[in-house]
Amino acid sequence: MKNKREQSGITLKEMQEKSGIRKDIIRLIEMGDLNALPEPAHAAFLLQQYTRAVGLDSDAIMERYADELPDENVNERKRNQSQNEDYQYFKKVLISFLVLISVLFVGWMVLLQVGAQTDLFEKKPIYDVEEELITPPEESEEESSETAEQTEEPPTEEPEEAPATDYSYGGSEGSTFYYDLHVVEPLVISLAGENESWVTLTDDAGNTYAYENLTEGEYEVSPEASIVYLTLGNSTGINVLIDGKPLDNPDAGNAVTVYYEFNLIKEE
């Protein structure tokens with residue numbers, strides 16, 4: 001597949017725009033290291049996108065290399081094993097908690113029994129004096145009103161709404177659009193639309209937030225990130241919001257697959 005791309009004179013950047021696959025994913029596919037993909041279960045879909053972009057027969061490629069595709073059953077077994085381990089851990093914690101409650105209950109019952117037999121909990125007065133009833137002096141109406149005025153609490157101020165992230169458009173290069181985001185933590189990127197689209201959302205800190213077909217989603221970006229990458233396979237059917245504010249794309253035109261690169265400028 002790599003030979004076919006290079007013989008066709010297609011660069012990695014052009015391949016990214018034609019297939020909708022990021023350059024680092026393209027390199028993994030060309031190296032044949034499909035298990036290193038962020039989501040190996042999507043290997044078949046990515047191979048189809050790649051072969052169609054360079055003009056190869058995707059069905060023939062899939063049939064020829066079917067044995068090299070990641071086994072989805074292995075991933076499923078790993079997930080089931082992890083869930084089973086979590087269940088066993090929760091079961092042990094619950095049993096330990098119940099045993100602790102039982103021990104405390106038995107100890108409390110023993111303490112009550114001992115106290116009843118030894119008058120341990122008998123109340124004894126500290127001072128043996130007669131109580132005197134003290135009648136508070138009557139307050140005049142003026143003193144009562146002054147006291148009421150002094151005890152009135154000042155009106156509480158409503159908390160100011162936290163400032164949202166602001167952004168500025170920095171231009172485009174092909175189907176890639178650049179933005180500067182003046183971030184007030186935490187940064188939340190939301191997606192909403194009526195039509196399903198292939199979406200990848202990652203950052204330069206190694207985090208993958210989305211790698212799937214969806215119609216909507218909301219993702220809180222890690223504070224360690226300084227650049228966020230967003231790919232929309234069907235941009236005409238998905239709206240992008242930054243902290244709830246719709247993202248304006250003046251140069252989008254009729255592009256279907258688009259790429260966003262958000263440069264995060266942290267506000268102190």
Side-chain angles (χ1 to χ4, degrees), residues 21-22 24-29 31-47 49 65-115 159 162 164-165 181 183-193 196-233 238 240-244 262 264 266:
I21 307 173
R22 293 203 327 264
D24 57 331
I25 303 299
I26 293 174
R27 292 191 183 97
L28 291 175
I29 294 173
M31 291 169 59
D33 193 5
L34 301 180
N35 287 308
L37 293 172
E39 186 58 52
H42 295 155
F45 172 79
L46 295 172
L47 286 175
Q49 294 291 102
Y65 297 101
D67 295 338
E68 299 182 20
L69 294 177
D71 187 359
E72 295 184 7
N73 293 329
V74 173
N75 296 331
E76 184 67 23
R77 286 197 298 269
K78 290 181 179 178
R79 283 194 290 268
N80 292 337
Q81 182 179 0
S82 177
Q83 292 175 356
N84 184 57
E85 290 176 355
D86 292 341
Y87 171 75
Q88 293 299 330
Y89 175 76
F90 174 76
K91 184 178 179 180
K92 291 179 180 179
V93 171
L94 181 60
I95 292 174
S96 300
F97 178 74
L98 293 176
V99 170
L100 178 61
I101 293 297
S102 301
V103 171
L104 292 176
F105 178 76
V106 172
W108 175 247
M109 294 300 295
V110 171
L111 185 61
L112 288 178
Q113 185 68 24
V114 172
T165 296
L181 271 60
V183 179
V184 178
E185 300 290 357
L187 170 62
V188 177
I189 296 179
S190 305
L191 305 172
E196 191 175 69
S197 172
W198 174 259
V199 176
T200 62
L201 181 62
T202 60
D203 62 29
D204 61 342
N207 299 303
T208 298
Y209 306 97
Y211 199 83
E212 57 187 326
N213 283 306
L214 51 80
T215 56
E216 62 181 12
E218 183 174 293
Y219 311 93
E220 183 174 321
V221 176
S222 169
E224 298 177 358
S226 57
I227 301 177
V228 176
Y229 306 96
L230 171 63
T231 300
L232 298 179
I238 293 288
V240 182
L241 299 93
I242 306 297
D243 283 348
F262 301 113
L264 307 186
K266 305 298 179 64

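The shown structure was predicted, so the numbers you read here are calculated from the model rather than taken from an experiment.
- For the pair L264 and V228, the tightest heavy-atom approach, listed with the atom from each and the gap, is CD1-CG2, 3.8 Å.
- The shortest distance between side-chain heavy atoms of V221 and V183 does not fall below 4.5 Å.
- The shortest non-hydrogen separation linking Q49 to I21 is CB-CD1, 3.7 Å.
- Between G233 and S197, the shortest heavy-atom contact is N-OG, 3.3 Å.
- Note on residues 199-212: pairs passing side-chain hydrogen bond (donor to acceptor under 3.5 Å, both in side chains), not counting sequence neighbours, are T200-T231, D203-N207, D203-Y209, D204-S226.
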For this session: Check step by step if side chain to side chain contact (heavy atoms under 4.5 Å, CB included) holds for W108 and L104.
Result: CA-CA 6 Å; W108 175 247; L104 292 176; over 6 Å; no

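- Under the salt bridge (Lys or Arg N to Asp or Glu O under 4.0 Å) criterion, D24 pairs with R22, not counting sequence neighbours.
- Between the CE atom in M31 and the CD1 atom in I26 there is a gap of 14.0 Å [rounded to 0.5 Å].
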Problem set entry | Residue pair L241, I189: steps toward the side chain to side chain contact (heavy atoms under 4.5 Å, CB included) verdict | CA-CA 6 Å; L241 299 93; I189 296 179; over 6 Å; no

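- S190 contributes atom OG, which lies 8.0 Å from atom CD1 of I242 (distance to the nearest 0.5 angstrom).
- Across all non-hydrogen atoms, the minimal contact from E220 to P186 is OE2-CB, 3.5 Å.
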For this session: Would you check, one step at a time, whether the test side chain to side chain contact (heavy atoms under 4.5 Å, CB included) holds for V199 with L230?
Result: CA-CA 7 Å; V199 176; L230 171 63; 4.0 Å; yes

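- Closest approach of L28 to A36, counting heavy atoms only: CD1-O, 3.8 Å.
- The nearest pair of heavy atoms linking L214 to L191 is CD1-CD1, 4.2 Å.
- Each side-chain hydrogen bond (donor to acceptor under 3.5 Å, both in side chains) pair with one or both residues in residues 87-98, not counting sequence neighbours, would appear here, but there are none.
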